[in-house]
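All remarks here apply to the structure that follows.
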Number of protein chains: 2
Amino acid sequence: MREARLALLAGAPFLHGLSPEELRAVAGLATERTLRARQVLFREGDEADALFLVLGGRMKLTQSDSDGREVIVRIVGPGGLLAAVSAFANTTFPATAQAVESTTVLSWPREALPELFRRVPVLALNAMETLSERMREMQERFRELATERVTRRIARALLRLVREAGRRVEDGVLIDVALSRRDLAELTGTTLFTVSRVLSEWEAEGIVKSSRQRVVVRSPHALVAIAEDLPPIGSTRR
Amino acid sequence: MREARLALLAGAPFLHGLSPEELRAVAGLATERTLRARQVLFREGDEADALFLVLGGRMKLTQSDSDGREVIVRIVGPGGLLAAVSAFANTTFPATAQAVESTTVLSWPREALPELFRRVPVLALNAMETLSERMREMQERFRELATERVTRRIARALLRLVREAGRRVEDGVLIDVALSRRDLAELTGTTLFTVSRVLSEWEAEGIVKSSRQRVVVRSPHALVAIAEDLPPIGSTRR
DNA sequence: CGTGCCCTTGAAGATCTTCAAACGCAGTGG
DNA sequence: CCACTGCGTTTGAAGATCTTCAAGGGCACG
């Protein structure tokens, strides 16, 4: 069990390149915590006092504006870092972190980080790589939101989810996170109604099969065609 | 001249906290380059082989999708870092950097960075802080784009520009960068037509005064009211 | 077996884009 | 000096896309 755990940790990009001893030491400084589904780990605006690593389950990071409209900034699964920003800047959390399902996280208090980075410098590098990667993804989604139609954005979001949380099942790839239509809308910058309509349409075409908080992608290929605007056959031009 | 230059460098967040000797040494490893207006420094997808610091002038970072629609990811003025991502990750530039006006940049080749960070560790910290700050801004703009109407987004963009490139003039604050309606549209995720209409309307209300590639904000207060949706007087509710 | 949440679908309409046409200023070349 | 040309801008009109609101269905869970 303890060994399985170490293997899990070694798989996290943040802890990549650490020796088993280092791994044990770093893990030893962390606190483990399990959240129930829908439980909140931290809120946007709170003092960023810790760095988190997801061990199992999924967290969603959301921002909301003054009117209460929410946006999902990111969904983080096993091995993912949460609040990487707190590792380097002395600020507040830029988003709210909520468990989508039962989720276990490790946390390192902010004060412990400098010492940690001093003893295991590669950790700082790993965290920065994560941050860079994330920046890239955020920019990409920003561009999508600015230039693309809803349909394409939903296709892309599903493809990303397939990549990050896909599980092969009988009739396609199941997105193995319980996401409501509303969640998908908040991921893509639209409304739950539009998501519902688009999914219904795709269901009729045999591209996906969806039910309550569940989507199975039957034909990823078709989604790619929509995302990239490769007209499948007889599609109306832009 | 050389002294003025050092003072300029010391003002850049990236070089904050360095002693004059360190400053000289770090600057000594950099190459200076001046770009004409509209000249391209690097392109999205090129190998990220250097880190840049803007000394004078302004660069705009853009992404474009497969159809050629462009988005302005960021505008960087004096003291700002460019391609901070290349400092830590071994990848390609995530955006294209083009000079808005005549612009001077310092550049450090990627290979020189590890040595640089070893000798002056605070540089790495500074770069990360910049990256964190940027991440925060990007997330904020993402949320805006997802949840807010065009009018508000334009108001916010102008306010940001006032903060970053504002210069007091007789009748208000001039945004001291030559930005076309198209540029403003690409900053806010809309079309140049909509930007033009909104500016015309605001001009009629005395909030701004705009001409060719030029905007003077006469009443920042009114823009804040629009951005925050504090109904000024008799506004139609959302 | 009810109750609540999530989802679907329709209809109406707001917002924003698209396209077309024309203006005006700046710089160029005659 | 002036006309020419190009680019950035303005404005109108038409219409696509997406949101909003309302109503109802269905599945899961207590």
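Here the structure is a predicted model, which means the values were calculated and not measured. Heavy-atom basis, side chains included; hydrogens, waters and symmetry copies ignored. Chain naming here is simple, since letters A, B, ... match the order of the sequence lines and numbering starts at 1 in each.
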Quickly work out the [X] [atom1] to [N] [atom2] distance and round it to whole Å.
X       : N       : atom1 : atom2 : result
E186(A) : dC7(C)  : CD    : C1'   : 15 Å
E201(B) : dT10(D) : CD    : C1'   : 14 Å
E148(B) : dC16(C) : CD    : P     : 11 Å
I154(A) : dT17(D) : CD1   : P     : 14 Å
R69(A)  : dT20(D) : CZ    : C1'   : 11 Å
F193(B) : dT11(D) : CZ    : C1'   : 10 Å
W202(A) : dT8(C)  : CH2   : C1'   : 17 Å
L199(B) : dT10(D) : CG    : C1'   : 11 Å

For the side chain of [X] and the backbone of [Y], is there at least one donor-acceptor N/O pair under 3.5 Å apart?
X       : Y       : result
Q63(B)  : A95(B)  : no
R141(B) : L187(B) : yes
R182(A) : L192(A) : no

Measure from the side-chain heavy atoms of S180(B) and tell me the nearest of dT9(D), dC16(C), dT10(D).
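In terms of side-chain proximity for S180(B), the closest of dT9(D), dC16(C), dT10(D) is dT9(D).
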Look at the side chain of Q213(B) and decide which nucleotide, out of dT18(C), dT8(C), dT9(D), has an atom nearest to it.
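Of dT18(C), dT8(C), dT9(D), dT9(D) is nearest to the side chain of Q213(B).
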Want to settle it: does S196(B) or R197(A) sit nearer the 5' end of DNA chain D, counting the closest nucleotide to each?
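That would be S196(B).
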I want to confirm an ordering. Mapping R182(B) and G189(A) to their closest nucleotides on DNA chain D, which one lands closer to the 5' end?
R182(B)
So what does [X] touch, heavy atoms closer than 4.0 Å: a base, only the sugar-phosphate, or nothing?
X       : value
R212(A) : base
L192(A) : base
T194(B) : base

Do the side-chain N and O atoms of S210(B) and E203(B) include a donor-acceptor pair separated by under 3.5 angstrom?
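The answer is yes; a qualifying pair exists.
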Return no unless some side-chain N or O of S211(B) is found under 4.0 Å from OP1 or OP2 of dT9(D).
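The answer is no; no side-chain N or O of S211(B) sits under 4.0 Å from OP1 or OP2.
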Output yes when at least one side-chain N/O atom of R181(A) is less than 4.0 Å from OP1 or OP2 of dC7(C), else no.
yes
What I'd like to find out is whether the side chain of E140(B) reaches to under 4.5 Å of the side chain of R160(B), using heavy atoms alone.
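In short, these two side chains touch, coming nearer than 4.5 Å.
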